[in-house]
Amino acid sequence: MTLPDNWKRVKIKDVGEIITGNTPKTKNKEYYGDKYFFYKPGDLDNGYYVKSSKSRLSETGISVARFAPANSILVTCVGTIGKAGYLRKGGAFNQQVNAIIPFKGVNSKFVYFYCISPVFKGLLLKRASSTTLPIINKTKFLQLQIYLAPPDEQKRIVEKVEELFSRLYAGVKSLERIKIQLKTYRRSVLKKAFEGKLTEKWRENSKKPHPGNTKKKKVNEFNRKNGFRIKIPESWIWKNIDAVSESLKNGIYKPKSYYNNNGVPCLRMYNIYEGKLNRKNVKRMELDETEIEDYKLSENDILLNRLNSRELVGKSAVVTKEFEGDIFESKNIRVKLKNEIVDSKYVNFWINFHGRNYFNCNLQQTTGMASINQKQLSALPIPVPPIVEQKKIVEEIERRFFTMDKIEEIVDKSLIRAQRLNQSILKKAFEGRLVPQNPEDVSASELFKRITKEKRKAEEKEREAKKKRRKNKSN
């Protein structure tokens, strides 16, 4: 790549002091306190400034850690390499992070923007070791290139990038608000659906009452008992999942030796996402004919996740024709419904909306995992309209969701374009094409000479100080 005449290719070590972090011994409690931030890779998310870390060190702890002052740049060099953040307040950092402390005359934000640019990330990935855990050691990091602009142009670049990013950020925030509003609207649609409001006019035109109606008083008591604050129409009745199901069955468990590339597709908890099934990273299991028959899925079954994190346990999906004949593994439950009583899509919408509150109140929690069992699922209450009305409700939900899906698709594409524009801005900035060059600017070569001169002075001063300390010790 050709740079402007007054720019210069130099190494990272030529624009700032590079420090690799260190973690004080966690067993030593006197190292930890509440005075100094102790940053880790998770605190760097390319969101400009480094987050306020939850970890803190004491005065004693900071004395054995590595400290970077405000306006330094932190870069992750182990694992997810290349995440960077700008320090508003000085602090320590662990050994997975390198700090760049820019020398006098080098604009700190210019260095930060370079570190999050596609140019720098490309260099990092190229130099990183190709192991399970990518690492770029300090020796390699010191040799990484940076495209150094004249001091005044560095300032102009920073100002222009911040201006463009500010506009971009405002647009992204608007798009993210739309996504939140869509999520809220989806919940509103489902709430109205299960209160009978989506089919209110349909019921007025229908003269067929639901057989076996319950009294309103009993319905309200049932709602309170199970944590549901839903007033259902008088023509609906409450039932448990057990009453509308033919069977509930846990999935099959087999050791790793049964998994291969020739077996039957086996749906795991990861294959249930946002109320639908997918074949992402689907595994195959070698089973005999009897096992396949026992655990195969049929169209209109519901597959429900019984073991997962607390926020995900209980997610479910309807089995469509595409997944007929697949089997399901032990962390899932198959629900075969009485299709003459309930519509599978209707039940699935209910489970993924109101069922989550029920599971949250009734699940078993262990370290990091939560679970529900068949007995708890069987007792899940569900409002049951006539089957014809259930299908009408599903139709109304899907019609509204289809429109929201299209809007969300447009928003997601816009967010992707915004991210690409972000990277395009940075690419242009470090190719010298974002702001105009000024021939009268002090060149990057001249700046580099000044930095080198200052470094030598500092190094000489440090050598003299070491000699003096040794001399004082010997005396």
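- Residue Y270 qualifies as open at atom OH: its count of foreign heavy atoms under 6.0 Å is 12 or below.
- Remark: the N300 side chain and the S344 side chain contain an N/O donor-acceptor pair separated by less than 3.5 Å.
- Counting non-hydrogen atoms of neighbouring residues, nucleotides and ligands closer than 6.0 angstrom, the CG atom of N261 reaches no more than 12 such neighbours.
- For the residue pair T199 and E389, a side-chain donor N or O sits within less than 3.5 Å of a side-chain acceptor on the partner.
- Checked against a 6.0 Å centroid threshold, the rings of F194 and Y346 count as neighbours.
- Taking CG from N422 and CG from L168, the interatomic distance works out to 6.0 Å, rounded to the nearest 0.5 Å.
- Looking at T23 and N94, their side chains never bring a donor and an acceptor atom within 3.5 Å of each other.
- Side chains of E162 and Y48: a donor-acceptor N/O pair is present below 3.5 angstrom, by distance only.
- With respect to K179 and D412, a salt bridge is recorded, a charged nitrogen being found less than 4.0 Å from a carboxylate O.
- Cation-pi geometry between K40 and F93 is not met at under 6.0 angstrom from the ring centre and within 45 degrees of the axis.
- Using a 3.5 Å distance cut-off with no hydrogens or angles, the side chains of R417 and S414 do pair a donor with an acceptor.
- Y295 and E329 share no donor-acceptor pair across their side chains, judged by distance under 3.5 Å alone.
- Under the 4.0 Å criterion applied to side-chain N and carboxylate O atoms, K391 and D343 are assigned as salt-bridge partners.
- Around NZ of K197, the count of heavy atoms belonging to other residues, nucleotides or ligands within 6.0 Å does not exceed 12.
- A side-chain donor from one of N260 and E286 sits under 3.5 Å from a side-chain acceptor of the other.
- No more than 12 heavy atoms of other residues, nucleotides or ligands sit less than 6.0 Å from atom NZ of K25.
- Residues S174 and R177 bring a donor and an acceptor atom of their side chains to less than 3.5 Å of each other.
- Ring centroids of Y31 and Y36 are separated by 6.0 Å or more, keeping the two rings apart.
- Sparse packing is recorded around NZ of K283, with 12 or fewer heavy atoms of other residues, nucleotides or ligands lying under 6.0 Å away.
- Between F430 and F120, the gap from one ring centroid to the other reaches at least 6.0 Å.
- Heavy-atom contacts from other residues, nucleotides or ligands closer than 6.0 Å to OH of Y169 number 12 or fewer.
- Counted by atom type alone, N360 and R310 present one or more donor-acceptor pairs between their side chains at under 3.5 Å.
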